[in-house]
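Position 1 is the first residue of the sequence, and the numbers go up from there.
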Amino acid sequence: MHKTILVTGGAGFIGSNFVPYFCEKHPEYKVINLDKLTYAGNLDNLRECESMENYTFVQGDICDAELIEKLFAENDIRGVIHFAAESHVDNSIKGPRAFINTNIVGTFNLLDAARKHWMDAPGKVKAGYEDCRFHHISTDEVYGALGETGMFREDTPYAPNSPYSASKASSDFLVRAYHHTFGMNVTTSNCSNNYGPKQHNEKLIPHIISKALSLQPLPIYGKGENVRDWLYVLDHCKAIDLIFHTGRSGETYNIGGRNERNNITIVKTICAILDEKQPRADGKKYEDLITFVADRAGHDFRYAIDATKLENELGWKADETFDTGIVKTVEWYLK
């Protein structure tokens, strides 16, 4: 018998890397991919799933509680892997409302539908539904910012600084509450910046690649000194699969690539790869296109993740370093 799980936001960047990986690895699951197909979702990213028998796509919004309840009832959903989110900080500064609705209300709708479908009462799971799990994907931005040193651990206090990270922090707390109040089987993962194939053009790495190839200025905030810990998207997918299947209920796991780079280094690395793989016709270097722009409002200086718990408890290890992952990424965009 197939066990049906609901993946939300599977047409987005991380989801569209996860879904093909998961469907292929786990033919015993039937996967329903629910995505609203906003600007950030793209069905082209899921072409490899169209021929898979254990895959179904549904266009819809997690803010639509009725739709969510209907999906649970009609498909007897036995697990949720929840990616769907508004996730671009610049957009959350321009228009925070969509972040509050999708990230908070949408997460609540999913949790509540799962509770009704899986549980008879607080602390009492329906017979046969004991192994149903809700896995929530969050971000390292809920922890605020770091100075030059230190790392985010699972017990780092929350200190979100943008409307985006505040909305994700709220969703994390709802997931936690459903575990502590109702005894629901939940896990949460907070990851660092992802990069890799299929990422939306608004994000740093694909943005720089496309600007460079069309010989436009490469904009970098401030002096390019902001530091992020970069995680190759497939390493993230493998971690989610592992946590969903073997993580301890009620626990949070931080997923990081142990690959800290500041933005100027990222951009220069991309330029050097492009110089080698697709040199400019005018003989100049791509690096000559770098321009510095006014810094983002409330721009967190540095994020870094300590993934020790995930590595020690569940045996996860990133397969890619930034230097191997960035080459694969640039090659994918060049194709």
Participant: When His26 is tested against each of Glu28, Glu24, Lys30 for side-chain hydrogen bond (donor to acceptor under 3.5 Å, both in side chains), which residue passes?
Facilitator: Glu28
Participant: Indicate the atoms forming the closest heavy-atom contact of Pro122 with Thr181, along with that distance.
Facilitator: CB-O, 3.7 Å
Participant: If we count only N and O atoms by modelled type, under 3.5 Å, do the side chains of Ser170 and Ser167 hold a donor and an acceptor together?
Facilitator: no
Participant: Grab the two heavy atoms, one from Trp230 and one from Asn194, that are nearest each other, plus how far apart they are.
Facilitator: CZ3-O, 3.8 Å
Participant: Is the backbone N or O of Ser138 less than 3.5 Å from a side-chain atom of Asn190, with the two atoms forming a donor-acceptor pair by type?
Facilitator: no
Participant: Are any side-chain N or O atoms of His2 and backbone N or O atoms of Pro27, one a donor and one an acceptor, separated by less than 3.5 Å?
Facilitator: yes
Participant: Excluding sequence neighbours, so at least two apart, what forms ring-ring contact (aromatic ring centres under 6.0 Å, His included) with Tyr158?
Facilitator: Tyr143, Phe173
Participant: One pair to check against ring-ring contact (aromatic ring centres under 6.0 Å, His included): Phe134 and Tyr178. What are the steps and the verdict?
Facilitator: CA-CA 10 Å; Phe134 189 109; Tyr178 269 66; 8.4 Å; no
Participant: Compute both the distance and the angle, then confirm whether Lys223 meets the cation-pi test with Phe292: under 6.0 Å from the six-membered ring centre, within 45 degrees of the axis.
Facilitator: no
Participant: Under a 3.5 Å threshold, yes or no: a donor from one side chain and an acceptor from the other, between Tyr55 and Glu50?
Facilitator: no
Participant: Within a radius of less than 6.0 Å around NZ of Lys284, do more than 12 heavy atoms belonging to other residues, nucleotides or ligands occur?
Facilitator: no
Participant: For Gln199 and Pro206, work out which heavy atoms get closest and say how close.
Facilitator: OE1-CD, 3.6 Å
Participant: Give a yes or no answer on whether the side chain of Asn103 reaches the backbone of Asn101 with a donor-acceptor pair at less than 3.5 Å.
Facilitator: no
Participant: For the aromatic rings, using the six-membered ring if either is Trp, is the centroid distance between His236 and Phe18 under 6.0 Å?
Facilitator: no
Participant: Taking Leu215's backbone N and O only, do any of them form a donor-acceptor pair with Arg280's side chain (distance below 3.5 Å, no angle check)?
Facilitator: no
Participant: For the side chain of Asp241 and the backbone of Cys237, is there at least one donor-acceptor N/O pair under 3.5 Å apart?
Facilitator: no
Participant: Show your working on ring-ring contact (aromatic ring centres under 6.0 Å, His included) between His299 and Tyr221 and close with a plain yes or no.
Facilitator: CA-CA 9 Å; His299 200 173; Tyr221 284 127; 5.4 Å; yes
Participant: Evaluate salt bridge (Lys or Arg N to Asp or Glu O under 4.0 Å) for Glu320 paired with Lys238, printing each intermediate quantity in order.
Facilitator: CA-CA 12 Å; Glu320 302 292 340; Lys238 291 169 184 170; over 6 Å; no
Participant: After noting the C-alpha distance and the side-chain angles of Lys116 and Glu69, does the key distance pass the salt bridge (Lys or Arg N to Asp or Glu O under 4.0 Å) rule?
Facilitator: CA-CA 9 Å; Lys116 291 174 191 163; Glu69 307 245 337; 2.9 Å; yes
Participant: Just wondering, do Lys36 and Ile62 contact through their side chains at under 4.5 Å, heavy atoms?
Facilitator: no
Participant: Given side chains that start at C-beta, do those of Trp316 and Ile255 come closer than 4.5 Å, heavy atoms only?
Facilitator: yes
Participant: For a quick check under 3.5 Å, do Glu260 and Tyr303 share a side-chain donor-acceptor pair by atom type?
Facilitator: no
Participant: On the 0 to 90° scale, with breaks at 30° and 60°, tag the His245-Phe22 ring pair as parallel, tilted or perpendicular.
Facilitator: parallel
Participant: Taking atom types as modelled and ignoring hydrogens, do the side chains of Thr187 and His136 form a donor-acceptor contact shorter than 3.5 angstrom?
Facilitator: no
Participant: Applying the side chain to side chain contact (heavy atoms under 4.5 Å, CB included) criterion to Leu204, which one of Asn263, Ile270, Asn226, Ile220 satisfies it?
Facilitator: Asn263
Participant: Return the set of residues passing side-chain hydrogen bond (donor to acceptor under 3.5 Å, both in side chains) with Ser87 (not counting sequence neighbours), or none when no residue passes.
Facilitator: Lys203
Participant: Should Val330 and Ile209 count as side-chain neighbours, where that means a heavy-atom distance under 4.5 Å?
Facilitator: yes
Participant: Indicate the ring-plane relationship of Tyr195 and Phe322, choosing parallel, tilted or perpendicular according to the 30° and 60° boundaries.
Facilitator: tilted
Participant: Counting distance only, does the side-chain N/O of Arg78 pair as donor-acceptor with the main-chain N or O of Cys132 below 3.5 Å?
Facilitator: no
Participant: Would you check if Leu37 and Phe57 make a side-chain contact, meaning some heavy-atom pair closer than 4.5 Å?
Facilitator: yes
Participant: Under a plain distance cut-off of 3.5 Å, with no hydrogens placed, do Asp306 and Thr308 share a side-chain donor-acceptor pair?
Facilitator: yes
Participant: List the atom of Asn201, the atom of Ser210, and the distance in Å for their closest heavy-atom pair.
Facilitator: OD1-OG, 3.2 Å
Participant: Answer yes or no: is there a side-chain heavy-atom contact under 4.5 Å between Asp229 and Asn259?
Facilitator: yes
Participant: Tell me yes or no: between the side chains of Asn185 and Ser249, is some donor less than 3.5 Å from an acceptor?
Facilitator: yes
Participant: Counting N and O atoms only, with roles assigned by atom type, does the side chain of His207 sit under 3.5 Å from a partner on the main chain of Glu202, one being a donor and the other an acceptor?
Facilitator: no
Participant: Taking the side chain as everything from C-beta on, heavy atoms only, tell me whether Asp76 gets closer than 4.5 Å to His117.
Facilitator: yes
